[in-house]
*Asks:* 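I'd like to ask you about the structure that follows.
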Amino acid sequence: MKVDLYTKIVLTAIGLFLNVTGDSKLTVIKDAVAVDRYDYKQYQQHSETNTEFLSGGVDASEIKPNEVIMEVHGVVCSFCAQGVKKKLRKFKFVDRNRLNKGISMNMKNQRITVAIKSGEKVDVQGLFKAVLSGGYEPISALIADEDGNIRSVKADA
Amino acid sequence: MVSINSFAGQPVMDMAPRWEGGYGFQLRYESYGSDILLDGVSKIDNPLDIKNFVDKIWLEGVYTFDRSKRITFKLPFIGQVRTKTISGIGVKQKNSGVSDLVIGLPLKKYFNRGSETSNWGFTPSLRLPTGSYSGDYPLSDGSWDLGLGLSYSTETFKFYSLYDLFYWYNTEGKRNMREGNEIGFDINWGIHAFHNSKENSGMFLMWDIGARHHEKPNAFTLTSASGGTHVHTGPVLMLYRETMMFHVEYKWGVYEKMKGINTSKGNISQISAGITF
């Protein structure tokens, strides 16, 4: 009887945590499409002219206008990195309407992308500090303004 | 990641929350017990139906000052039942209630190297005598106990491993009870089997091996503590979604050596759910 109860609890948890319902899959797909659509033309033009490898392993071709991509060492688990998201989202210049409430994390290559509000000035050192207090090591960042101009910044060792 | 195993020497959570000002809570249900009677390592007849079953619900919490300093607490609510030989007959005894509070101070040194994060942990702990030490089957021996843990864990996007060595120095408590010191070692290996970055959800599948050596309690000890050496192993499933996590594990006793005649610890099952902020 206890085994049955355990089985039910585990199956329910898998359903709830991994959201294995049809609706959730739709949500994921919609989000993905929304991200892909974002300023696609600008992105194309931008990536054609900025393909050089700038700093710290961040490739300029990955970045879109009004974004910051940071290379952050140690970010391998999104559950552990929630603190970084939380701290990054506190900045007023972060556009919470884009990406995943303004932040996107790639655990496979240790990249954190931050969406920036149009016309806002980015406090890159503030972003680095937020990453550090979130428990990780910021290495470098690429910052793309709304015109597609890119600059790179290294975090202080 | 969250330490899905709340080892005796481990903080409530291992990798998370690692951010400054982060905190979290976890409810963990643990169950073990058996009606198998052992004499040393040998199973013997049990005509009096001697047995011991323990259920614990732990309320656990953690606060992170910064990634190198945390404070944790663990408070168990215990329900225990046993049949014990008294004057040649089997006597049933049971008890339930809040037991001893454990306060830990995990100190960690993190290394973030490219696609890997790892940490060394040193955890001094204090077990306070908050449980009742009265009755035939008390929940606590009423002692102040000191624990020390040393751990190492490493994690990549695909793999996770944790090694934890701990020691509990158990002082003499009330009614002359002394449960005996304990040393233990845990190994936890796993893979990050699934991850959905859009929804921030995923699953870890792991295997755990735990070994314990407990000195024989003195003759005055009436708690559920029993001396002996135990090795348990089994699978662990951990799920997470945003700030919440769920874990379940089942461990079989693969080696047991009791001090004299005593009931086996049996297999161990655990289920927990936690949240971080």
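Chain letters run A, B, ... following the sequence lines, proteins first, then strands; residues in each count from 1.
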*Asks:* Rounded to the nearest 0.5 Å, what's the gap from CZ on F79(A) to CZ on R241(B)? Could you check?
*Replies:* 12.5 Å
*Asks:* Please report the closest heavy-atom contact between E20(B) and K87(A), naming both atoms and the distance.
*Replies:* O-NZ, 3.0 Å
*Asks:* Can you tell which of E199(B), H192(B), H195(B) makes a side chain to side chain contact (heavy atoms under 4.5 Å, CB included) with S78(A)?
*Replies:* H195(B)
*Asks:* Using 0.5 Å steps for rounding, measure from the OG1 atom of T243(B) to the NZ atom of K86(A).
*Replies:* 9.0 Å
*Asks:* Please identify, among T64(B), D66(B), I271(B), the residue contributing the most non-hydrogen atom pairs under 4.5 Å to chain A.
*Replies:* I271(B)
*Asks:* For the CZ atom on F159(B), are there more than 12 heavy atoms of other groups (residues, nucleotides or ligands in this structure) within a distance under 6.0 Å?
*Replies:* no
*Asks:* Starting at CZ of F204(B), measure out to SG of C77(A) and round the result to the nearest 0.5 Å.
*Replies:* 4.5 Å
*Asks:* Which bit of F194(B) comes within less than 4.5 Å of chain A, counting heavy atoms only: side chain, backbone, both or neither?
*Replies:* side chain
*Asks:* Using the test salt bridge (charged side-chain N to carboxylate O under 4.0 Å, His left out), find all partners of D123(A) that sit at least two apart in sequence or belong to another chain.
*Replies:* none
*Asks:* Minimum heavy-atom separation for S115(B) to Q110(A), with atom names?
*Replies:* CB-OE1, 3.3 Å
*Asks:* Would you find a donor on one side and an acceptor on the other, under 3.5 Å apart, between the side chain of N112(B) and the backbone of G135(A)?
*Replies:* yes
*Asks:* If I compare all heavy atoms of C80(A) with all of W19(B), which pair ends up nearest, and what's the gap?
*Replies:* O-CZ3, 3.4 Å
*Asks:* With distance as the sole test, does E137(A) use its side chain to make a donor-acceptor pair with the main-chain N or O of R113(B) at under 3.5 Å?
*Replies:* no
*Asks:* Quick one: closest heavy-atom pair of T156(B) and V76(A), and the distance?
*Replies:* C-CB, 3.6 Å
*Asks:* Is there side-chain contact between K85(A) and N200(B), with heavy atoms separated by less than 4.5 Å?
*Replies:* yes
*Asks:* So what's closer than 4.5 Å to chain B heavy atoms on M107(A): side chain, backbone, both or neither?
*Replies:* both
*Asks:* Does atom CH2 (W207(B)) have a neighbourhood of more than 12 heavy atoms from anything else shown, all under 6.0 Å?
*Replies:* yes
*Asks:* So is R18(B) actually on top of Y136(A)'s ring, under 6.0 Å and inside 45° of the axis?
*Replies:* yes
